[in-house]
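Worksheet: the structure to be examined is printed underneath.
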Amino acid sequence: MNHWLIKSEPDVFSIRDLAKAKRKTTHWEGVRNYQARNFLRAMQVGDRALYYHSNATPSAVAGIVEIVRTAYPDPTAWDKTSDYHDQRASPENPVWSMVDVQLVEIFQREIPLDELRTVKALAGMELLRRGSRLSVQPVTAAQFRTIETLSHAKIRP
DNA sequence: GCCAACGTTGGC
DNA sequence: GCCAACGTTGGC
């Protein structure tokens, strides 16, 4: 099982929106970066991902989701009315992929970015790299566990 | 709203 | 293949 981190702007689709969705599941559409797409394609059913709120106050890891369907064509790519429309895409040549994710847990306590930066065990995280903007990225099992544990801590460190 | 860092595009 | 111009991401 692999671990991941996926970003969403809460103004667009927050983890609470996911909690309200049918079966607490959504299509992870709109990824338009090749590196991120390739990580989507590497996801397996049962993999877990940290749900990160970007462009938020504060930006933070907000919870955990599980991959419940592996990558398949993202139809918003050839939908002219979609914000995610891409000229090059068509049903015959989808170009972009999405997976389905299901809510596992909303953290009792979100872990803000500035706190993540203080945790030694997380020093190698892609998210924390200067200038990093990758919206789908792998995390190690140890990094995943560290963040999960922080979210359950009763007292702020 | 600003702007640094990044990815993509397209001229050459 | 280089690289300048451009558009986007995302922290602040």
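Residue numbers begin at 1 in each chain, while the letters A, B, ... track the order of the sequences.
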At a cut-off of 3.5 Å, list every protein nitrogen or oxygen paired with a nitrogen or oxygen from nucleotides 2-9 of chain C, distance to 0.1 Å.
unit_1 : atom_1 : unit_2   : atom_2 : d
C/dT8  : O2     : A/Arg133 : NH1    : 2.7

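Summarising the geometry, the separation between OH on A/Tyr52 and C1' on C/dG10 is reported as 8 Å, rounded to the nearest angstrom. The distance from atom CG of A/Leu116 to atom P of C/dC12 is 11 Å, rounded to the nearest whole Å. Rounding to whole angstrom units, CD1 of residue A/Ile6 and C1' of C/dG10 are separated by 17 Å. For A/Asp11 and C/dG11, the CG to C1' distance is 14 Å, given to the nearest whole Å. Nucleotide C/dG10 holds its P atom 14 Å from the CE atom of A/Met125, rounded to whole Å.
Residue pairs that meet the salt bridge (Lys or Arg N to Asp or Glu O under 4.0 Å) test with at least one member in residues 42-64 of chain A, sequence neighbours left out, are A/Arg48-A/Glu66. Listed by first and then second residue, the ring-ring contact (aromatic ring centres under 6.0 Å, His included) pairs that reach into residues 75-116 of chain A are A/Tyr34-A/Trp96, sequence neighbours excluded.
Taking the six-membered ring for Trp, A/Tyr51 and A/Trp4 have ring centres at least 6.0 Å apart.
Counting heavy atoms of neighbouring residues, nucleotides and ligands inside a 6.0 Å radius, atom CZ of A/Arg41 exceeds 12 of them.
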Could you walk me through whether A/His3 and A/Glu148 pass the side chain to side chain donor-acceptor pair (under 3.5 Å) check? CA-CA 12 Å; A/His3 297 82; A/Glu148 198 175 7; over 6 Å; no

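In this model, the phosphate group of C/dG11 is approached by a side-chain N or O of A/Ser59 to a distance below 4.0 Å at OP1 or OP2.
If you check every strand for non-hydrogen atoms under 4.0 Å, A/Arg88 touches sugar and phosphate atoms only.
Under 3.5 Å, the side chains of A/Thr76 and A/Arg32 contain a donor-acceptor pair of N or O atoms.
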